[in-house]
Amino acid sequence: MNIKTEIINEIAEITNMDAAVIAEAVETPPNHDMGDLALPCFKLARELKKAPPAIAADIAGRFGKPAFISEVKAVGGYLNFFYDRGFYINHMMERLIAAGKDWGKSDMGAGKTVVIDYSSINIAKPFHIGHLSSTAIGGALYKIYKYLGYNAVGVNHLGDWGTQFGKLIAAYKLWGDDSSINEHPMDAMLKLYVRFHSEAKENEALNDEGRAWFKKIEDGDEEALRIFGWFSELTLREARRIYGLLDISFDSYAGESFYNDKLAAVIGELKAKNLLTESEGAYVVRLEEYGLPPAIIVKSDGATLYMTRDIAAAEYRHVTYGFHKNLYVVAYQQNLHFRQLFAVLEKMGKGYAKDCEHIAFGMVSLEDGTLSTREGKVLLLEDVLNKAVERTIEIIDEKNPDIEDKAAIARDIGVGAVIYSTLSQSRIKDITFSFDRVLNFDGETGPYVQYTHTRCASVLRRAGERSGSADYSALGNDEAVAVLKLLEEFPETLAAAIDKNEPFYVTRNITALAQAFNKYYYEHKIIDDDIEKTNARLALTSAVRDVIKRGLT
RNA sequence: GUGCCAGUAGCUCAGCUGGAUAGAGCGUUUGGCUACGGACCAAAAGGCCGGGAGUUCGAAUCUUCUCUGGCACACCA
């Protein structure tokens, strides 16, 4: 059973209303002395044709008092329920212990596939902090969907097609040096790219050369493909190392070039459906009825575009995975692009168009301006991670020098701090990257939460193996109940996180849990001579530890 | 110019399908280590919720106008 559901059902019965409507309406009061659960009756007023205070009083009068309720009080238009504390604690502890490490796990997504397109790095370009948001948000969603029973498919839609690669090869042929590329591949490739752009400003012929090399890639020229393949391999090797650090994984690396042989079919289908119009030499799909500018499908020189590839990719994902949802974790700059893409899919009569969603997030900029790969103004993600790990080592040396596995712990905490910083606020907010902020380990931060986890683990280790029953009356205090309330919310938080595709909901819940537990920890001794009470407190500690761990990974 | 997004404490952000006294963290000031890990805990100060008008019993939340900032607007991705 579940206390909340019981209450909702009983209210539904009394008022003769739909339980789902009541479930929508109930809320947690802002203050403890207003009870544990509240029903604002204002919304019911119309339906029941009575004044809110009268409704509240009426329900309060007719509510049969089960054992888990200590009081039902009508206050103005609100109906406040007070749980019986002893009952609530027993009830929650039973649920938590039964679930064990799987608290919050669900099969709500059974049989449903969610394709998540995230990270999507570019070949031969550095993995910089601009990629962190997509990688972290997408990776977190991937894990949450999986935990809730969905079949999640992580796709790294590699940027591995376009004239830029012709330019890169041209630059390599002119100035490239194999040994330096092998030694520091990303750095060397970036240098070639930057040099090409700065010299091309003076020398227009270079651009022609770049285009010529790209044409060779398209035509399958052996040398061009060999060099390009080499660059791809180097980029992916470097990227995989970073994904390893971040604990991020993908099921598919099908990038833009993967769709080359599927574009003719897309264009054919658009033509067959009479959606393609010629305009200034190019072929476009008009989208006036959506209030959008036309989407260019084929350039006037006959070449295809990003849009063409994305249509092919959506169709491919539909056919291959039969998705329930198809998510694109891409910065909000591409808002218009995705609105156009979804509109085109809809015009093509693709039923799955409504299941596609752009999971937009804000820009990352540096304190002194925007990132720019062309100008070589980048902050490498790996450098940021390394700096965070170094900072962690400094703190460990200062506070806890005797710890074992220092390097591994520092890596977990340092990397965790960086990930936490992007998952701690709603996606859409722009971020001005600041080392001061990322490397601050106090307060609402990754290290704080991890510290709490370690604290729990440490207490449990110290307590050793215990047996015997538990006396939950030991948890009869405000601090313990506050912890239980947050644990109770965890499953709903996970569901809300995928509903809105906002992983920070989970981060926020876990952070609040850590705060509540730290307060509890400070106010109450966990291990004492009373074995049964200690067992109860340890069980709570263990639940906190497991949920934090779940939330963090 | 048009469209989309954001604007809440000195800073970074919650709260937004209208609801009870607008909440955290950082920073500042102050107090707490003979405790199971002080990367902790507690207290204080700090707000015309960008501004105006409207809808409502009730607006940070909805509508509208306006200001500021960001992004995007046909052959880049």
Side-chain angles (χ1 to χ4, degrees), chain A residues 24-25 27 29-31 33-34 38 40-43 45 51-52 75-78 80 120 122 125 157 159-164 256 279-285 291-307 309-310 330-337 339-340 360 362-363 365 370 392 395-396 398-400 403 413 417 421 424-426 428-432 434 436-437 440-452 454-463 504-505 508 511-512 514-515 517-528 534 537-538 541:
Chain A
E24 275 285 298
E27 58 189 34
N31 202 309
D33 29 278
M34 296 168 180
C41 300
F42 307 93
K43 286 161 188 143
V75 184
Y78 291 90
N80 293 335
S120 302
N122 295 312
K125 285 203 198 156
H157 190 74
D160 58 1
W161 196 250
T163 351
Q164 44 177 329
E256 292 174 43
S279 166
E280 293 170 38
Y283 285 93
V284 306
V285 176
L292 296 171
I296 305 179
I297 305 294
V298 183
K299 297 204 284 184
S300 46
D301 66 1
T304 55
L305 288 119
Y306 184 42
M307 179 63 76
R309 266 158 232 289
D310 266 357
V330 179
Y332 68 62
Q333 275 102 321
Q334 299 196 30
N335 228 314
L336 177 61
H337 168 77
R339 286 174 59 198
Q340 289 179 313
M363 299 205 344
S365 57
T370 323
T392 309
I395 295 178
I396 291 176
E398 180 192 329
K399 308 203 173 190
N400 216 336
I403 206 162
I413 295 178
S421 74
S424 63
Q425 56 182 283
S426 52
I428 203 67
K429 302 272 181 183
D430 285 336
I431 298 172
T432 302
S434 143
D436 283 351
R437 203 156 45 241
N440 174 18
F441 291 0
D442 297 329
E444 292 173 346
T445 63
Y448 170 84
V449 176
Q450 293 200 21
Y451 173 74
T452 310
T454 309
R455 219 176 203 187
C456 292
S458 173
V459 171
L460 291 165
R461 197 185 325 114
R462 195 170 281 264
F504 97 98
Y505 285 3
R508 206 178 47 194
T511 305
Q515 287 169 328
F517 181 79
N518 277 326
K519 189 174 172 102
Y520 172 78
Y521 174 92
Y522 184 78
E523 303 278 345
H524 304 277
K525 204 162 164 58
I526 292 171
I527 302 171
D528 67 9
T534 300
R537 290 185 287 249
L538 287 172
T541 307

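- Among B:C4, B:C76, B:G37, the nucleotide with an atom closest to any side-chain atom of A:Asn335 is B:C4.
- Base pairing annotation: B:C49 forms no Watson-Crick or G-U wobble pair, as no partner gives both donor-acceptor distances under 3.5 Å.
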Reading 5' to 3' through nucleotides 18-23 of chain B, protein heavy-atom contacts under 4.0 Å coded B for base, S for sugar-phosphate only, - for none = -BBB--

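- A search for side chain to side chain donor-acceptor pair (under 3.5 Å) contacts involving A:Thr454 returns nothing, not counting sequence neighbours.
- In this structure, the side chain of A:Arg437 does not engage the main chain of A:Ser421 through any donor-acceptor pair within 3.5 Å.
- Nucleotide B:C62 is matched to B:G54 when pairs are restricted to Watson-Crick or G-U wobble geometry with both distances under 3.5 angstrom.
- Listed for the A:Ser426 side chain is no donor-acceptor partner under 3.5 Å among the backbone atoms of A:Ile428.
- Between A:Gly77 and A:Phe42 the shortest heavy-atom distance is CA-CZ, 4.0 Å.
- Nucleotide B:U34 has no partner under the Watson-Crick or G-U criteria, as no pair reaches both atom distances under 3.5 Å.
- At B:C13, one or more side-chain N or O atoms of A:Gln425 fall inside 4.0 Å of OP1 or OP2 (strictly under the cut-off).
- Remark: the backbone N or O of A:Gly362 is not paired with any side-chain donor or acceptor of A:Asp430 at under 3.5 angstrom.
- Contact annotation: side chain of A:Ser279 to base of B:A74, donor-acceptor pair present below 3.5 Å.
- Rounded to a whole angstrom, the distance from the C1' atom of B:A53 to that of B:C67 is 15 Å.
- Remark on RNA chain B: of its neighbouring residues A:Ile395 and A:Ile431, the 5'-side contact belongs to A:Ile431, judged by nearest-heavy-atom nucleotide.
- If you check B:U12 for Watson-Crick or wobble pairing at under 3.5 angstrom, you find it paired to B:A24.
- Only the P atoms considered, B:A42 is 30 Å distant from B:U17, to the nearest whole Å.
- The aromatic rings of A:Tyr306 and A:His337 sit parallel to each other, their planes meeting at less than 30°, with 60° as the upper class boundary.
- For A:Arg461 and B:G37, the shortest distance from a side-chain N or O to OP1 or OP2 is not below 4.0 Å.
- Not one side-chain nitrogen or oxygen of A:Tyr448 sits closer than 4.0 Å to the OP1 or OP2 atom of B:G38.
- Nucleic acid contact for A:Lys519: sugar-phosphate only, since backbone atoms but no base atoms lie under 4.0 Å from a heavy atom of the residue.
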Tell me, with the steps shown, if A:Glu444 and A:Gln515 meet side chain to side chain contact (heavy atoms under 4.5 Å, CB included).
-> CA-CA 9 Å; A:Glu444 292 173 346; A:Gln515 287 169 328; 3.8 Å; yes

Mind listing the N/O atom pairs, protein and nucleotides 44-47 of chain B, below 3.5 Å?
none

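- A:Tyr520 has its side chain within reach of A:Ile526: a pair of non-hydrogen atoms, C-beta onward, lies under 4.5 Å apart.
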N/O to N/O distances under 3.5 Å, protein versus nucleotides 67-70 of chain B:
{"from": "B:G70", "atom 1": "O2'", "to": "A:Tyr332", "atom 2": "OH", "distance (Å)": "3.0"}

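- Figure legend. B:C73 is base-paired to B:G1; pairs are counted as Watson-Crick or G-U wobble with both atom distances under 3.5 Å.
- Note on A:Tyr521: a side-chain N or O is less than 4.0 Å away from OP1 or OP2 of B:G38.
- Contacts of A:Arg508 with the nucleic acid, taken as non-hydrogen atoms under 4.0 Å apart, involve only primed sugar atoms and P, OP1 or OP2.
- Residue A:Lys399 places none of its side-chain N or O atoms closer than 4.0 Å to OP1 or OP2 of B:C40.
- At the heavy-atom level, A:Ile396 lies under 4.0 Å from base atoms of the strands shown.
- Counting any heavy atom pair closer than 4.0 Å across all strands shown, A:Leu292 reaches no nucleic acid atom.
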Show each protein N/O and nucleotides 59-62 of chain B N/O combination with a separation under 3.5 Å, one pair to a line.
none

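- Base contact: A:Ile296 has a heavy atom under 4.0 Å from a base atom.
- Two residues are said to be in side-chain contact when any heavy atoms from C-beta on lie closer than 4.5 Å; A:Gln340 and A:Val285 fail this criterion.
- No engagement by A:His157 is indicated, since no non-hydrogen atom pair under 4.0 Å with the nucleic acid exists.
- A:Glu280 comes within 4.0 angstrom of a base, heavy atoms only.
- Within 4.0 Å of A:Thr511, counting heavy atoms only, lies no atom of the nucleic acid at all.
- With sequence neighbours left out, A:Tyr283 forms a ring-ring contact (aromatic ring centres under 6.0 Å, His included) with no residue at all.
- B:G7 is paired with B:C67 under the criterion used here, namely a Watson-Crick or G-U wobble arrangement in which both key atom distances are under 3.5 Å.
- Here A:Gln515 lies in heavy-atom contact (under 4.0 Å) with sugar-phosphate atoms only.
- With rounding to the nearest 0.5 angstrom, the CE atom of A:Met307 is 9.0 Å from the CD1 atom of A:Ile296.
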